[in-house]
Visitor: 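Dumping the structure here so I can ask a few things about it.
Because the structure is a prediction, the values reported are computed rather than measured.
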2 protein chains.
Amino acid sequence: MPASRKVTIADIARHVGMTNITVSRALNKPEMVRPATRERIEQAALELGYVPNAFARGLKRSDSRLIGVVTASLDNPFYAEMIKAISRHAKQHDYAIMLFDTDGDPRLEAMAIETLLSYQAAGLILSPVSDEPDYRPNYLTRLQASDIAVVQLDRTLHDCGFSAVVLDNPGAGERVARYLLAHVFTPDRRTREDRLLVVAGPEHSRISRERLHGVQTALGEQAGDVGIDVLWGDYTLAPAVAQVRGYLKTHGVPRAIFGLNQLITLGALKALREAGIDRDQLSVIGIDRLPYLDIFDITVPCVVHDGYRAGAQALEQLLVQMRDPQAAPCTLTVRGELVT
Amino acid sequence: MPASRKVTIADIARHVGMTNITVSRALNKPEMVRPATRERIEQAALELGYVPNAFARGLKRSDSRLIGVVTASLDNPFYAEMIKAISRHAKQHDYAIMLFDTDGDPRLEAMAIETLLSYQAAGLILSPVSDEPDYRPNYLTRLQASDIAVVQLDRTLHDCGFSAVVLDNPGAGERVARYLLAHVFTPDRRTREDRLLVVAGPEHSRISRERLHGVQTALGEQAGDVGIDVLWGDYTLAPAVAQVRGYLKTHGVPRAIFGLNQLITLGALKALREAGIDRDQLSVIGIDRLPYLDIFDITVPCVVHDGYRAGAQALEQLLVQMRDPQAAPCTLTVRGELVT
DNA sequence: CTGTTAGCGCATTCAT
DNA sequence: ATGAATGCGCTAACAG
């Protein structure tokens, strides 16, 4: 019967009449031990219910098998997808994941980083609560001074020198704009009052800015008379609903609405429905796929990014950085695809 | 400037001319140290960029601040919701989450448990890959022998003696059946050929069995002539689509389809659409909410369970078990609500 | 309030 | 192929 007290390597050494170190080797570097003794040791370990102590091991050897994942929202399906990929690939390389959902709270984010540092995490995949330029968390210098590898995912900190996997935001904006030019704001149907409503994230969010900029570029070239209205908010559902609701009341129905992420787009659609505005009175287009809608024959054109791929790439990049701490930081960009 | 080498408690002790233990206390039990020295120590810690070593601490004091979460699928929104709740509440009690997505693979599950044991996790929230009675993982005895607290969530292992938070599965089945009796298989419209198609999870899954049993009970009482066809599968989308597709071909369109979870229901709807069968030719009803569909005016009646609540309760229960290892295991049931 | 001593469990020397 | 000694960084005892 397995004791309630912890079984250590010493217990099993005593059990087989060897010393600690031999047991340690038998368990970690089997080739350095005679097969016969190894078997006896493994046998004993099983019988006694031996469980290696990760703390003791981690204390001795300085490298840990831990990768931290810090993200602002588990419930965003796009993030869930990325985390799935990270988790799956981390496992393949024998790393365990320590997950932190910061819930958009900078304090929780800071605590998460502290915890990861104290656990000597080998790497960190970070998607901070904000990508606005003036968000300069205190933990930054500590992180940079530490020898933990860091890869940012999707959201990034303003020039912090870490690697990153980001989406092609300007490109997504451009693609949307070109689609609108081809199908909505066509020369023949264009009027002076045509307005495009862009529902964005936080006002200084890099991602929102880039996406918006893509739109402006592509639209500006050919469509001097399409006016763009922008509503700033955040990347969640409820505020988007409220914003759009207000806009509809004061400005009426725009010709098209562009939601800068999935939840925003859903929010806009919800506001439209509340207001009793049928979806064929205007065009709605978004970034990120609205899941499962194809099943109901609902098509909302959108730029789709492969979250699984982004997550996988982030982990790959992290492994590179972990292998070679000197490796130059690099930024990978995942392109989206317009799906109509 | 922070050194690249680790700063330990000893370094900062030297820096302020005190001994290790005083520093340790200043950092962990501030009230045991004179305010003045405490300040100097905290100051020094900051300057030197001190990071506590969780391994050393964990080795010394045997209790860890880690909670493991082992689940079969991060991408199931219902699970994502539960994990969100767990994460949020764990943080409030100063526990970090170690997350394992087993991807439905029993081997990965076993590895996850091993890892958690070796990290001396204080608690574990487990949703195993299978809830079929013949799934008896090897790690069970080790887990039982260990002093790690365990709470099962949603899926459970057949009488393993651990606490659990589960859904009211029979109740959900009954509620669905009663709804069908009231609105679909009404006496006046009932015919001998009326069939109800239930699309279930694995054939021996406790959850599926319970839900199905609920249906049979409620239906059997009053509806001798409603035939039930059951398709066994798993709890994911693709197999459900395939199953229902096949059924439609061979059996034609049933009077109603009942999907035993969210992804199954979506799968059924997808198969219907592929087959060009309009949704008002039959009734579709499910368990778990299909997210965001209200936005599009699509209503699929379903029994909704509060995943956030379930997750939160699991964590509460875990804390209870952790506080008092003797506490009797208990099973909490979360009731669902029919939403039409 | 502060210091001394000791040891958590394991793996890295260097021996044999 | 195996062993002896040592220390990773921290904190619980018990002093003082």
Visitor: Evaluate B:L117 against B:L143 for side-chain contact (heavy atoms from CB on, under 4.5 Å), listing each step before the verdict.
Guide: CA-CA 8 Å; B:L117 284 171; B:L143 211 48; 4.2 Å; yes

Visitor: Test of understanding: with side-chain hydrogen bond (donor to acceptor under 3.5 Å, both in side chains), list the residues that count as partners of B:Y119, not counting sequence neighbours.
Guide: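 Expected list: none.
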
Visitor: Go through the structure and list residues passing side-chain hydrogen bond (donor to acceptor under 3.5 Å, both in side chains) with B:Q152, not counting sequence neighbours.
Guide: none

Visitor: With sequence neighbours left out, what residues match B:Q144 under side-chain hydrogen bond (donor to acceptor under 3.5 Å, both in side chains)?
Guide: none

Visitor: Any chance you could list the contact pattern along nucleotides 7-16 of chain D? Use B for base contacts, S for sugar-phosphate-only contacts and - for none, protein heavy atoms under 4.0 Å, 5' to 3'.
Guide: BBBBBB----

Visitor: Quick check on A:N138: does its CG atom have over 12 non-hydrogen neighbours (other residues, nucleotides or ligands) under 6.0 Å away?
Guide: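 Check fails, neighbour count at 12 or below.
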
Visitor: Verify side-chain contact (heavy atoms from CB on, under 4.5 Å) between A:L126 and A:L153, making sure each step is shown before the conclusion.
Guide: CA-CA 6 Å; A:L126 174 63; A:L153 183 53; over 6 Å; no

Visitor: Name the first nucleotide and the last nucleotide along DNA chain C (5' to 3') that come under 4.0 Å of a heavy atom in chain A.
Guide: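 Contacts span C:dG9 to C:dT12, reading 5' to 3'.
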
Visitor: Taking salt bridge (Lys or Arg N to Asp or Glu O under 4.0 Å) as the test, write out the residues that go with A:K91, two or more places apart.
Guide: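 Once residues adjacent in sequence are excluded, A:K91 has no partner under the salt bridge (Lys or Arg N to Asp or Glu O under 4.0 Å) criterion.
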
Visitor: Would you indicate, yes or no, if D:dA1 has its OP1 or OP2 atom less than 4.0 angstrom from a side-chain nitrogen or oxygen of A:T22?
Guide: no

Visitor: Assess the residue pair A:Q317 and A:Q313 against the criterion (side chain to side chain donor-acceptor pair (under 3.5 Å)); give the C-alpha distance rounded to whole Å, side-chain angles, the decisive distance to 0.1 Å, and a yes or no.
Guide: CA-CA 6 Å; A:Q317 187 54 35; A:Q313 289 202 339; over 6 Å; no

